[in-house]
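I have placed the structure first, in the form of C-alpha cells, so that the comments after it can refer back to it.
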Amino acid sequence: MYKLDTIISLAKRRGFVFQSSEIYGGLNGCWDYGPLGVELLLNLKDSWWKAMTFRDDVEGIDASILMHPRTWEASGHTKQFSDPMIDNKTSKSRHRADNLIEEFIEKMRKKKKTELADEIEAALANCEENSDYHDIIMKYEIKDPISGTMDWTEVRNFNLMFKTFVGPVEDTGSTVFLRPESAQGIFVNFKNVMETARQKVPFGIAQIGKAFRNEINTKNFLFRTREFEQMEMQYFCKPGTEFEWFDYWKERRWNWYQELGMRPEKMRWKDHDKLAHYANKATDIEFEFPFGWGEIEGIHSRTDFDLRSHFEHSNKKMEYVDTVNKDRFIPYVVETSGGVSRGLMAFLCNAYEEEKVIDEKGKEEVRTVLRFHPKLAPVTVAVFPLVNKDGMPEKAHPIYKDLQQHFKAQYDTSGAIGRRYRRQDEIGTPFCVTVDGQTLEDNTVTVRERDTMQQERVSVDKLKTYLFDKMTK
RNA sequence: GCGGGAGUAGCUCAAUUGGUAGAGCAUCAGCCUUCCAAGCUGAGGGUUGCGGGUUCGAGUCUCGUCUCCCGCUCCA
C-alpha cells in the first residue's frame, strides 16, 4: 500500500491534478485537472458512457445545473439539506438547534411541566429565522448537555445546498440552487425522454454532470470535495421487479470496474444498514484507498419516491401506460451513481506501483509505473527515435504524426532511450514505439509494452491495427 | 467547526544567537547516447503561502489569515 501523499505528489508533478486557484493560495477542497488528468478523466467518462448507453434500453441526457427551486422541495433536499446549528463555546460541541430544543421539551414533559413544554413547543413551531431558535434557547435557559453552560454562539444555518440567484437583483424570489445531485435532472425529464426516444419500461436514463454540496469539511484529496461530478443512471422498471434489476445492475457495475483493471481484492460491497428516506435497498461499491475503504459507487433502489413526489408537486402525470397489457403505474427506479473523481482517484491508486528492477550492473532500482488499462491511460502511445541522428528522427516523426490521428500520442527525442521509457512508465503510457537502425532497412519498429517491458517488432504498416488490437484485448 | 502538525524554486531539502536565499533532481538549449533514467556545458526559475507588527535589518521573532496532512465532528 502506497501513501496517498506519494500518489498526490506524482499527480501534481506530472500534471494530473493541480490545486484550484493555486496562485492565490488555493481554495479549500477544489482541484483542477491538468493535461494528463483531463485525458484520464475523459477516458473514464467515455468508457462509462459507452458501457451504459451503447445498448437498447438506456438513453443519455445532459440536464442543466440550475433547476427550478421547487425541484428541491419535491426531492426533499430543501428540508433535509438545511440545518440550524449552534455551538457551545465551553465544550466545543455542536448541536442542531431544533434538536436541542426538542430534547429540552421532552425533559420538561418528564418533569410534568406540561404547560411550559407546550409553550416552548408552540414557539418552536413558529421558528422562521435562526435568531428565533436562539431566542428560545436563551429565554428558557437551555444549557449545553455536555458542559452545562449557556456559552452559546449564534444559531447559524448550515445549508448543504449552494445558493445563488437568477437575474440582476438578489432577492428571495430569485433564489436558485446549484444541484446537490444530478439525479433530479433525470427524474424531471422522465416523460420527455421516454416519449421522444420511444422507450418502454423498463429503460434507463444516463447522465454525467457536476453537482455541488457545501460540505462542512473536505477531505482526502479528490475524495470529498464541494464540487464533484457524478456519472449515474436511473433505471425505470415495473414495481415489484426492482430487486431483479437491482441485482442485474450490481453485477454490471462491478464488472465494469473489473474490466478496466480494478483489482478484485481492492473492491468490496457495503450494504446500507440505515436506508435513506427514498430507498428500499441500497449498497455501495467501496475501494480500498490508502486512507481506508471508501465509496466509489452506489446502487440504490429508490422506489417511486422521486417520480411520485414530482407528480405531487408539479401535478404532471409521471405514469407509464402499458397499452398492450392495459396497465398503468408510476415506475420504480434503480439507480447506479458513481463519483467521477472518486473513480479516477481509485484507478490512479489501483495503477500506482513502485516496481523493483535490476539494472545491467546488477543494482536494484525503483521503476515508478502507472498500470492503467490502455483504454484509460492518458497517453496511449509514445514514439521515439532510438538516437537523435542518423535519419531516425526523420523516420520517427511522420510515424508519430500518423498515430496522432488515432491515438493520444507523444513524441520524445530528449535523453537516453531508457530515460524516455521511464518517463512514459510514470504517466502510464502502455506502448512505446521506437525507430532504430533496422527501421530504415525494413520499415519495422519495436513496440515496447509498459508492464512487461518486452519488445515486439511490428511493421509500420500494421502498427495502427496492432495497437487497436492490444487496446481492446 | 475543534485539537495537533506542516508550508523556502516544479520536486526533495539547506540557510549560525535575526545579517547578501543556496544545492541536488526536474525543465529548456546544445553536446553525448544504437534499447530500459539520473554523462558534459550553459540557461531560465524565489517579494521564503498571504497580510500586518517589532527591528537599522525578518525565511528566522510576533499577530492574523489561507492551504495541506492526521484525529474528532459531519457526510439527507
Which is true for [X] with a 4.0 Å heavy-atom rule: it touches a base, it touches only sugar-phosphate, or it touches nothing?
X	answer
A/Gln19	sugar-phosphate
A/Gly15	nothing
A/Tyr24	nothing

With rounding to whole Å, what would you report as the distance between [N] and [M] at their [atom1] atoms?
N	M	atom1	result
B/G39	B/U55	C1'	49 Å
B/C2	B/A76	C1'	24 Å
B/G49	B/U12	P	14 Å
B/U54	B/U27	C1'	41 Å
B/G51	B/A15	C1'	24 Å
B/C66	B/A14	C1'	26 Å
B/G4	B/G10	P	31 Å
B/G19	B/U62	P	15 Å

Across all strands shown, which nucleotide pairs with [N] by Watson-Crick or G-U wobble geometry, both distances under 3.5 Å?
N	answer
B/A6	B/U67
B/G24	B/C11
B/G59	none
B/G39	B/C31

Task: A/Lys250 to A/Trp269 six-membered ring, cation-pi geometry met (6.0 Å, 45°) - done: yes
Open item on the list: Taking the six-membered ring of A/Trp249 as reference, does the cationic atom of A/Arg253 (NZ for Lys, CZ for Arg) lie under 6.0 Å from its centre and within 45° of its axis?
Closed with: no
Task: Listed once per pair and sorted, the salt bridge (Lys or Arg N to Asp or Glu O under 4.0 Å) pairs that draw on residues 25-39 of chain A, sequence neighbours left out - done: A/Glu39-A/Lys408
TODO: Scan for salt bridge (Lys or Arg N to Asp or Glu O under 4.0 Å) pairs involving residues 389-400 of chain A, sequence neighbours excluded, and state none if there are none.
DONE: none
Between [X] ([atom1]) and [N] ([atom2]), how many Å, whole number?
X	N	atom1	atom2	result
A/Ile8	B/C69	CD1	C1'	9 Å
A/Leu4	B/C69	CG	C1'	10 Å
A/Leu27	B/C68	CG	C1'	13 Å
A/Gln424	B/A37	CD	P	15 Å
A/Gln455	B/U34	CD	C1'	12 Å
A/Lys12	B/G10	NZ	C1'	11 Å
A/Arg302	B/A76	CZ	C1'	11 Å
A/Leu10	B/G10	CG	P	17 Å

- [ ] Between protein and nucleotides 42-52 of chain B, map the contacts as a letter string: B base, S sugar-phosphate only, - none, heavy atoms under 4.0 Å, written 5' to 3'.
- [x] -----------
- [ ] Produce a footprint string for nucleotides 24-33 of chain B: one letter per nucleotide, 5' end first; B if the base is under 4.0 Å from any protein heavy atom, S if only the sugar-phosphate is, - if neither.
- [x] --SS-----B
- [ ] Report the residue (A/Asp390 or A/Arg213) whose heavy-atom-nearest nucleotide on RNA chain B is the more 5′ of the two.
- [x] A/Asp390
Task: Option passing side-chain hydrogen bond (donor to acceptor under 3.5 Å, both in side chains) with A/Thr429 (candidates A/Arg450, A/Gln424, A/Arg423) - done: A/Gln424
TODO: Let me know which of A/Lys45, A/Arg342, A/Lys210 forms a side-chain hydrogen bond (donor to acceptor under 3.5 Å, both in side chains) with A/Glu229.
DONE: A/Lys45
Open item on the list: Run the ring-ring contact (aromatic ring centres under 6.0 Å, His included) test against A/Phe221 and tell me which residues pass, sequence neighbours left out.
Closed with: A/Trp31
Task: Residues forming a ring-ring contact (aromatic ring centres under 6.0 Å, His included) with A/Phe223, sequence neighbours excluded - done: A/Phe289, A/Phe291
- [ ] Not counting sequence neighbours, which residues clear salt bridge (Lys or Arg N to Asp or Glu O under 4.0 Å) with A/Arg420? List them please.
- [x] none
Open item on the list: Regarding B/A37, can its base be found pairing with the side chain of A/Tyr421 as donor and acceptor, where the two atoms are less than 3.5 Å apart?
Closed with: no
Open item on the list: With hydrogens left out and only the distance checked, is there a donor-acceptor pair under 3.5 Å joining A/Glu181's side chain and the base of B/A76?
Closed with: yes
Donor-acceptor list for residues 331-338 of chain A side chains, cut-off 3.5 Å, not counting sequence neighbours:
residue, atom, partner, partner atom, Å
A/Glu335, OE1, A/His300, ND1, 3.0
A/Glu335, OE2, A/Gln234, NE2, 2.9
A/Glu335, OE2, A/Arg302, NH1, 2.6

TODO: For A/Asp271, check side-chain hydrogen bond (donor to acceptor under 3.5 Å, both in side chains) against everything at least two apart and list the hits.
DONE: A/Thr283
- [ ] With sequence neighbours excluded, tell me which residues meet side-chain hydrogen bond (donor to acceptor under 3.5 Å, both in side chains) with A/Asp284.
- [x] A/His272
Task: Contact list for RNA chain B against residues 436-449 of chain A - heavy-atom distance below 4.0 Å - done: A/Asp436, A/Thr446, A/Arg448
Side-chain donor-acceptor pairs under 3.5 Å in residues 11-19 of chain A, sequence neighbours left out?
residue, atom, partner, partner atom, Å
A/Arg13, NH2, A/Glu426, OE2, 2.8
A/Arg14, NH1, A/Glu426, OE1, 2.4

- [ ] Please determine, by modelled atom types, if A/Gln230 and A/Ser182 share a side-chain donor-acceptor pair under 3.5 angstrom.
- [x] yes
